[in-house]
Amino acid sequence: MQRLDKLISDKLNLTRSRAKALIKTGGVTVNGTAVLSCDYKCSDDDTVSANGKVLDTRQFVYIMMNKPAGVISASDGKGDKTVLDLLPDEMRRKGLFPAGRLDKDTTGFALITDDGNFAHRILSPKSHIPKTYIATLDKPIDDAVIRDFENGMTLGEETLLPARLTPLSDNMAEIEIRQGIYHQIKRMFQKHGITVTALTRTKMGALSLDENLEPGACRYLTLAEVDKICQK
Ligand code: URA
């Protein structure tokens, strides 16, 4: 629920007093009817138009992208293309950022949102939200590697949270981690002399990457899907 004058001022980049003036002069409709009271409470289901143009009234949006290799998952690619550059024009809006980092060569499930609190909640190491990846490896893994992942391995100075490692074939494995330190998965394998030759994120929480999304494509998540990200 948002006040109509705040919504109009945010979406049209107007001062609050100009937004109020627009409302009071009948320039704003909600579900097709002119609303003159500035404190009208709008819900996400309302269709709000200003001067005949329908506004995007969602307070926050959550976008799933199938990140291709070679694209940076940061707001500033410092010369390189970012996941934000791949958004189609109609999905662009103020305040969007990628929630969490994937390496430039990592592919798969990237989440883009303008909801800072949500991003903080799912990325905090305390949240223990699992992130699932499939890695292609240069050699097979053995039980000692699996146990080290499961026990919470030491990497440099740091002791990691327990992770799950499931072999899928001789050179592929599924990994589930509950934190996101720099190059975490590549470094966990490197500790055992194994090189990750390809890495893709398939899942955040209980939500899987939509298989219909081609590399570089994206779509909005429903609120039920957003909730699934928070499920362990
Ligand atoms: N671990 C990595 O090494 N790289 C990623 O992009 C994500 C997790």
Side-chain angles (χ1 to χ4, degrees), residues 62-86 97-113 118-141 145-169 171-210 213-218 229-230 232:
Y62 309 86
I63 297 168
M64 171 195 279
M65 178 179 284
N66 185 1
K67 176 190 171 302
V71 172
I72 309 285
S73 69
S75 300
D76 179 3
K78 302 195 166 77
D80 280 326
K81 206 174 240 190
T82 72
V83 288
L84 299 181
D85 295 327
L86 298 186
F97 63 93
R101 285 279 178 117
L102 292 176
D103 296 337
K104 187 174 177 182
D105 57 354
T106 299
T107 58
F109 190 164
L111 179 69
I112 299 165
T113 184
F118 177 76
H120 180 73
R121 210 163 66 236
I122 60 161
L123 297 175
S124 153
K126 288 196 194 115
S127 76
H128 294 194
I129 303 273
K131 282 98 188 171
T132 309
Y133 296 80
I134 293 186
T136 310
L137 309 167
D138 71 338
K139 45 181 95 67
I141 47 178
V145 183
I146 296 175
R147 275 199 306 276
D148 200 27
F149 271 62
E150 284 177 355
N151 289 339
M153 73 168 66
T154 306
L155 260 190
E157 305 272 279
E158 206 158 353
T159 302
L160 303 184
L161 292 170
R164 199 173 47 74
L165 172 57
T166 313
L168 300 175
S169 70
N171 71 337
M172 286 184 93
E174 186 178 79
I175 306 100
E176 188 186 280
I177 55 175
R178 290 168 188 272
Q179 63 203 119
I181 65 168
Y182 187 60
H183 293 330
Q184 181 169 341
I185 292 177
K186 291 173 185 162
R187 289 167 60 212
M188 289 170 90
F189 280 108
Q190 206 56 62
K191 181 186 166 194
H192 292 275
I194 299 170
T195 300
V196 173
T197 57
L199 187 63
T200 186
R201 181 153 70 189
T202 55
K203 227 168 154 184
M204 295 183 80
L207 184 67
S208 296
L209 175 66
D210 183 338
L213 289 178
E214 299 289 332
C218 57
I229 294 180
C230 302
K232 296 180 186 170

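All ligand and atom numbering here is 1-based and tracks the order in the structure. Just so it is clear, the values below take in all heavy atoms, side chains as well, and ignore hydrogens, waters and symmetry mates.
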Subset of ligand 1 atoms that lie under 4.0 Å from at least one heavy atom of [X]:
X	value
L102	6 (O)
T106	4 (N), 5 (C), 6 (O)
Y133	7 (C), 8 (C)

Exercise for review: Kindly compute the distance separating CG (L137) from NE2 (H192), expressed to the nearest 0.5 Å.
Suggested key: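 Interatomic distance, L137 CG to H192 NE2, rounded to 0.5 Å: 12.0 Å.
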Practice item. With rounding to the nearest 0.5 Å, note down the distance linking CG in L213 to NZ in K67. Key: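 Spacing of CG (L213) from NZ (K67) equals 14.5 Å.
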Review point. What part of L199 sits under 4.0 Å from ligand 1 if we count only heavy atoms: the side chain, the backbone, both or neither?
Key: side chain
Exercise for review: Can you establish whether the number of heavy atoms outside H120 located under 6.0 Å from its atom NE2 is more than 12?
Suggested key: no
Check your understanding: Is the shortest N/O to N/O distance between R101 and ligand 1 below 3.5 Å?
Key -> no
Review point. So is there a nitrogen or oxygen of R187 less than 3.5 Å from a nitrogen or oxygen in ligand 1?
Key: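 So ligand 1 has no N or O lying under 3.5 Å from an N or O of R187.
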Check your understanding: Under a 4.0 Å N-O cut-off, is there an ion pair linking R164 with E174?
Key ->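 Judged by the 4.0 Å cut-off on N to carboxylate O distance, R164 and E174 do form a salt bridge.
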Review point. What's the shortest distance from atom 1 (N) of ligand 1 to any protein heavy atom, and which residue and atom give it?
Key: I185 N, 3.1 Å
Exercise for review: Note the single closest protein heavy atom to atom 4 (N) of ligand 1, along with its residue, its atom name and the distance in Å.
Suggested key: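 For atom 4 (N) of ligand 1, the nearest protein heavy atom comes out as D103 OD2, 2.7 Å.
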Review point. Between T136 (side chain) and T197 (backbone), is there a donor-acceptor pair under 3.5 Å?
Key: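 Not confirmed, T136 side chain does not pair with T197 backbone.
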Check your understanding: Mind checking whether F149 and F189 have ring centres under 6.0 Å apart?
Key ->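 Yes, the ring centres sit under 6.0 Å apart.
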